[in-house]
Number of protein chains: 2
Amino acid sequence: MVDAARPRSATIEDVAAAAGVSRAAVSKVLRNAYGVSDSMRNRVSAAMTELEYRPRVAARAMRGRTYTIGIEIPDFGNQFFTRVLAGTTAALSDTAYQVVIAPAEHGLREGLRAIEALVDRQVDGLIVVSPRLEQSALERIARTTPLVMIGRHSPSEMYDTVAGDDAHGVDAAMSHLVELGHRQIAHLTLHESDPHEDGPHSVRLARYLETMALHGQADDDLVWRSDEGQESACAAVERALQSGSRATALFAAHDELALGAQRAIAELGAELSVVGYDDVPIASHPALGLTTVHQPGDLMGARAVHLLMERFEGRTVAAHEVFKPELRVRTSTRPPSLDG
Amino acid sequence: MVDAARPRSATIEDVAAAAGVSRAAVSKVLRNAYGVSDSMRNRVSAAMTELEYRPRVAARAMRGRTYTIGIEIPDFGNQFFTRVLAGTTAALSDTAYQVVIAPAEHGLREGLRAIEALVDRQVDGLIVVSPRLEQSALERIARTTPLVMIGRHSPSEMYDTVAGDDAHGVDAAMSHLVELGHRQIAHLTLHESDPHEDGPHSVRLARYLETMALHGQADDDLVWRSDEGQESACAAVERALQSGSRATALFAAHDELALGAQRAIAELGAELSVVGYDDVPIASHPALGLTTVHQPGDLMGARAVHLLMERFEGRTVAAHEVFKPELRVRTSTRPPSLDG
DNA sequence: GTGAAAGCGCTAACAG
DNA sequence: CTGTTAGCGCTTTCAC
């Protein structure tokens with residue numbers, strides 16, 4: 001066999017010929033459309049299995065649906081996102097829809113690029129996870145493709161949102177630490193977080209600052225900044241600890257950062273209670289025992305799917321769902337040591 | 001604004017009209033094709049930005065390329081897979097190609113479904129990670145779409161493979177344990193692993209059995225079985241430990257299982273050295289300190305991309321690449337305790 | 001160097 | 001109940 005040209009697979013035309021009917025007829029049985037006799041349906045179905053026929057999504061896309069939901073994910077290292085993903089695929093598993101993921105590692109530009117790649121491929125609906133994309137860009141996209149944004153707080157008229165109640169989550173985390181006796185509580189967040197914005201980390205930071213102010217402990221030294229990822233978080237916490245921070249506890253903006261903080265603490269043999277956010281699966285590992293705020297990522301992902309379905313059904317007014325988080329107390333939080 | 005119909009975005013026709021040229025001309029500047037004057041290129045480019053024109057992938061797909069690489073991932077909870085993914089996206093980041101991921105949680109059937117979904121969407125090339133799909137099914141698919149399989153050992157004439165040298169990796173892990181003084185070494189693997197098959201876990205199991213036979217210690221009691229995921233691994237190890245296993249060390253078929261084993265060990269306060277496989281990022285966390293066999297997932301993903309590119313360029317003979325793994329010794333392995 | 005025109009596989013009126 | 005037909009947006013010969 002010399003230079004086997006890749007064979008083209010069967011088209012609707014081939015099926016029609018094999019079954020001795022018209023293309024339209026085949027298309028109809030394909031779509032379960034009205035007006036096909038049983039005998040015809042059977043002949044056509046037989047021909048389809050016989051020829052291993054699979055409709056070309058691209059050709060369908062030229063007329064209507066692609067039966068594809070696109071989801072943009074910024075970081076597969078963060079298992080909260082993958083839990084959201086699991087929720088969406090589970091919600092879609094018995095439907096005609098297929099999930100397709102566009103990775104968007106490395107920041108904002110990639111996030112937008114991923115979304116546009118999905119739009120170019122004519123997904124029927126879009127689930128967006130990167131929280132810091134410009135609202136105007138999202139709204140432009142939402143004009144052509146139904147979109148649900150996960151995690152961002154300020155609602156838009158143009159798209160749906162699914163978010164956690166971050167103020168509530170922060171309160172739970174902070175009260176827990178305060179009840180244990182901590183007063184000097186640091187907060188580890190991303191460089192970009194800004195209490196005036198509406199992304200989840202910004203909202204958490206804002207609420208943290210309010211709480212500390214209430215206790216008369218607001219202090220810039222207690223806000224530690226890091227890039228995304230455990231390594232950077234570890235380095236940031238090492239720096240803070242080595243420069244003699246008086247913090248006895250740390251509230252991290254999410255578990256990935258908390259895990260990085262735990263690395264630094266273990267390496268330095270320091271005493272510091274840590275609370276995370278999200279409750280990623282590894283957090284419950286007994287060797288880690290990370291106290292954290294549980295977010296039901298799977299439910300949030302599933303809800304996003306249903307919101308999309310409602311849009312397909314014709315809903316035009318924007319929906320905004322909020323999920324309550326829940327503190328999970330483990331071994332990483334203890335009362336402050338007395339020798340402080 | 002009542003019931004705003006979603007606006008359709010600009011087509012090549014619109015751009016042509018705006019620039020005062022023909023559709024063919026626009027298509028040519030789009031593809032950098034031969035035979036366009038500078039003045040025309042400029043006019044057209046201007047019109048494209050002006051109208052925010054984006055070519056529809058579906059329409060392109062009807063004639064040629066989609067500039068899309070599809071990758072099937074069975075389990076986002078396993079960070080080895082996501083590292084492979086990172087390698088592919090990085091390798092593709094400066095090209096015209098876009099990665100698109102189809103999730104395939106829950107076993108074989110889903111794996112095939114995901115792949116076919118990708119084929120239906122006319123990806124130009126396919127990277128497959130689920131190791132247990134039937135070879136015949138893969139070869140059927142490879143006849144129409146270039147495919148590279150990651151992790152499976154037995155080569156195929158029809159598609160390319162990228163795998164780790166698992167025999168070598170197992171040898172490194174086992175020698176390490178033996179040198180520490182362990183003799184009763186258990187192996188934790190999936191229920192489906194079968195020493196006569198060619199998936200990575202099967203190959204690891206086979207090599208483990210050979211090694212144990214060499215040391216005169218082959219024993220069915222030392223092969224522990226589990227489903228995918230930390231929870232199931234934890235339960236399996238608990239069961240084995242509670243039924244009084246005499247093992248002093250455990251070699252797990254991959255890190256996810258090893259992490260689950262560590263859970264059981266911590267919960268039971270048992271003494272058991274554990275070695276994993278893959279070296280997922282969390283393995284190096286000091287609280288876990290998991291000794292494991294490092295596989296360069298990112299390099300493997302990148303290599304897969306390049307193999308695909310070579311296929312696009314016309315290569316027809318199958319390639320099979322092997323990557324050397326490397327033991328990383330951490331704190332989860334110690335000499336057996338003397339009171340055994 | 002540029003444009004006209006055919007056609008990729010499918011859907012959706014519409015006519016029979 | 002079934003078939004004919006007109007595109008969807010793009011690429012690609014092939015004339016001009």
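In what follows, chains are A, B, ... by sequence order, proteins preceding strands, each numbered from 1.
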Review point. Within the pair S22(B) and dG3(C), is there a side-chain N or O less than 4.0 Å away from OP1 or OP2?
Key: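 Yes.
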Sequence neighbours left out, what passes salt bridge (charged side-chain N to carboxylate O under 4.0 Å, His left out) with [X]? Give chain and number order.
| X | value |
| --- | --- |
| R140(B) | E116(B) |
| R303(B) | E310(B), E321(B) |
| E110(A) | R113(A) |
| D298(B) | none |

Practice item. Describe, as an angle rounded to 10 degrees, how the axis at the first end of the helix from dG1(C)-dC16(D) to dG16(C)-dC1(D) is tilted relative to the axis at the last end, five pairs per end. Key: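 Overall, the helix from dG1(C)-dC16(D) to dG16(C)-dC1(D) bends by 40° from one end axis to the other.
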Review point. Under 3.5 Å, side chain of R152(A) to main-chain N/O of P131(A), donor-acceptor pair present?
Key: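 Looks like yes, one N/O pair under 3.5 Å.
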Check your understanding: Short question: side chain of S130(B), backbone of R132(B) - any donor-acceptor pair under 3.5 Å?
Key ->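 Not at all, since once roles are kept as given, no pair shorter than 3.5 Å links the two residues.
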What's the [atom1]-[atom2] distance between [X] and [N], to the nearest Å?
| X | N | atom1 | atom2 | result |
| --- | --- | --- | --- | --- |
| D14(A) | dC8(C) | CG | C1' | 13 Å |
| R54(A) | dC10(C) | CZ | C1' | 16 Å |
| M40(B) | dG3(C) | CE | C1' | 9 Å |

Study note, to complete from the structure: For F80(B), the ring pair (Phe, Tyr, Trp, His ring centres under 6.0 Å) test, sequence neighbours excluded, returns none
Point to revise | Span of DNA chain D, from the first to the last nucleotide whose atoms fall under 4.0 Å of chain B heavy atoms | key: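 Using the under 4.0 Å cut-off, the span is dG9(D) to dT12(D).
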Point to revise | Set of side chain to side chain contact (heavy atoms under 4.5 Å, CB included) partners for A319(B), sequence neighbours left out | key: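 By the side chain to side chain contact (heavy atoms under 4.5 Å, CB included) rule, A319(B) matches D160(B), L307(B), R315(B).
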Review point. Does S45(A) have any side chain to side chain contact (heavy atoms under 4.5 Å, CB included) partners at least two apart in sequence or in another chain, and if so, which?
Key: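 Per chain and number, S45(A) pairs via side chain to side chain contact (heavy atoms under 4.5 Å, CB included) with R41(A).
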Review point. Where along nucleotides 11-16 of chain C does protein come under 4.0 Å, by heavy atom, of base (B) or sugar-phosphate alone (S), with - for untouched nucleotides?
Key: BB----
Practice item. Quick one: which residue pairs count as a side-chain hydrogen bond (donor to acceptor under 3.5 Å, both in side chains) with a foot in residues 120-129 of chain B, not counting sequence neighbours? Key: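 As it turns out, the side-chain hydrogen bond (donor to acceptor under 3.5 Å, both in side chains) pairs with a partner in residues 120-129 of chain B, which skip direct neighbours, are R54(A)-D120(B), T68(A)-R121(B), T66(B)-D124(B).
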Review point. Mapping V21(B) and M62(B) to their closest nucleotides on DNA chain C, which lands nearer the 5' end?
Key: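 By nearest-heavy-atom nucleotide position, the 5'-most residue is V21(B).
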Review point. What residue pairs, at least two apart or across chains, pass ring-ring contact (aromatic ring centres under 6.0 Å, His included) with a residue in residues 43-70 of chain A?
Key: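 Residue pairs with at least one partner in residues 43-70 of chain A: Y67(A)-Y97(A).
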